Amino acid sequence: MSAYRTGDPLDRRRFLTAAALRGATVIGTGALSASVLSTGVLGTRVTGTTGATGTTGVIGATALGAVDADAAFAAPIRPLDPAVARSAFAEGRIAAINGDVLEVAGSYGDHSRVRITGATSVWKGRATTAADIETGDGLYARGLPLPDGTLAADAVWVNIVNLHATIRGIEKTRLHLAHGQHEIIGNLMAERTSAAYGDASPTADLSRLTIGQSAQVLGAWRPSDGSVDLVRVAVAPGAGRRR
């Protein structure tokens, strides 16, 4: 399976680059400023669940790390409590959904089974529930391995996109972005899309985005048309003069 423990020789970030541009989820690894990283999307929780193999403690975000969108790209943390197992990860496209288990085809031809529990936090462009997860979605999950080989997820990021791009066009409801040789449509969402100018906190004011700016975009990929619902557009310090 493609779930693996932190610290293994396989760098969990190797797949976080350009899958959606090949027909799967695009996930990038660039660093954001500290002020941007501090902006949370989801809450945290600690609880337990009873799985098919018996009672299993599912450690929430306070032990395994945050569950907001930025946490998908943060370095894994080491639990302070030696009794807490180190987190494991799984990634890929969801091939099937069997009850509370997601069958995931990994980026390297492997396969994993991700169990959604009552403790699982789900992000799909926003805080949501497992009901929004669909076959064909891309997935990045963090959790604890169970004896039956599944990964009990404490956090699941669905179709998450984080990449560097150049703004090539601006319309009322979307941005035209260039990522390498690829063109991406970024959907602007009322009351949800924010911009971060330099080290300033994210704001709903998008008026200072300009054509030609380099930006880091965080959002959720739409498998239906390949576009990205933009959650945040971060531009470099000094950028953002009003149009």
Side-chain angles (χ1 to χ4, degrees), residues 12-13 15-21 24-44 61 65-76 89 91 121-128 132-133 137-142 155-170 173-180 182-210 213-223 225-237 239-240:
R12 75 186 183 93
R13 289 176 176 252
F15 84 95
L16 301 177
T17 45
L21 302 178
T25 306
V26 177
I27 307 183
T29 58
L32 291 171
S33 68
S35 62
V36 173
L37 287 172
S38 67
T39 303
V41 177
L42 304 180
T44 60
V67 292
D68 60 17
D70 295 302
F73 312 99
F89 299 86
E91 58 80 23
S121 293
V122 179
W123 184 95
K124 191 176 183 180
R126 57 183 174 82
T128 186
D132 282 341
I133 300 175
D137 283 339
L139 171 144
Y140 184 56
R142 181 189 65 206
V156 171
W157 296 274
V158 181
N159 294 337
I160 189 168
V161 171
N162 183 14
L163 53 82
H164 291 285
T166 301
I167 300 174
R168 296 300 190 193
I170 300 175
T173 60
R174 62 184 184 174
L175 299 181
H176 294 265
L177 304 168
H179 176 69
H182 303 278
E183 295 184 2
I184 300 172
I185 298 298
N187 304 304
L188 298 174
M189 301 175 292
E191 300 181 358
R192 287 175 57 192
T193 303
S194 65
Y197 303 102
D199 292 328
S201 297
T203 173
D205 178 14
L206 307 181
S207 66
R208 289 179 283 166
L209 297 178
T210 61
Q213 283 178 328
S214 295
Q216 185 172 5
V217 297
L218 176 68
W221 168 60
R222 288 187 184 180
D225 61 12
S227 66
V228 174
D229 290 338
L230 299 176
V231 173
R232 188 173 63 232
V233 181
V235 295

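Start at 1 with the first residue, then count along the sequence. Here the structure is a predicted model, which means the values were calculated and not measured.
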Legend entry - Stepwise side-chain contact (heavy atoms from CB on, under 4.5 Å) check, Leu163 with Ile184: CA-CA 11 Å; Leu163 53 82; Ile184 300 172; 4.0 Å; yes

Inset, instruction - Could you tell me which non-hydrogen atom of Leu209 sits nearest to which non-hydrogen atom of Ala195, and how far apart they are? - result: CD2-CB, 4.3 Å

Legend entry - Intermediate values then yes/no, side-chain contact (heavy atoms from CB on, under 4.5 Å), Leu206 and Val233: CA-CA 9 Å; Leu206 307 181; Val233 181; 6.0 Å; no

Legend entry - His164 backbone acceptor or donor facing His179 side chain under 3.5 Å: yes

Inset, instruction - Can you sort out the partners of Thr173 under side chain to side chain contact (heavy atoms under 4.5 Å, CB included), two or more places apart, ordered by chain and number? - result: none

Legend entry - Side chains of Arg126 and Arg192 in contact at under 4.5 Å (non-hydrogen atoms): yes

Legend entry - Which residues share a side-chain hydrogen bond (donor to acceptor under 3.5 Å, both in side chains) with Ser227, sequence neighbours left out: Asn187, Asp225

Legend entry - Nearest non-hydrogen partners of Ala215 and Val235, listed with the distance: CB-CG1, 4.0 Å

Legend entry - Shortest non-hydrogen separation from Thr128 to Trp123 and the atoms involved: CG2-C, 4.4 Å

Legend entry - Chi angles and distances behind the side-chain contact (heavy atoms from CB on, under 4.5 Å) call for Ile185, His176: CA-CA 5 Å; Ile185 298 298; His176 294 265; 3.2 Å; yes

Legend entry - Nearest atoms (heavy-atom pairs only) where Thr203 meets Tyr197: CG2-CE1, 3.7 Å

Legend entry - Identified salt bridge (charged side-chain N to carboxylate O under 4.0 Å, His left out) counterpart of Lys124 within the set Asp229, Asp132, Asp137: Asp137

Inset, instruction - Find out whether Ile167 and Leu177 are in side-chain contact, i.e. whether some heavy atom of one side chain is under 4.5 Å from a heavy atom of the other. - result: yes

Inset, instruction - Taking the side chain as every heavy atom from C-beta outward, state whether Val158 and Val156 have any pair of such atoms under 4.5 Å apart. - result: yes

Inset, instruction - Could you tell me which residues satisfy side chain to side chain contact (heavy atoms under 4.5 Å, CB included) with Ala155, sequence neighbours excluded, listed by chain and number? - result: Val67, Arg142, Trp157

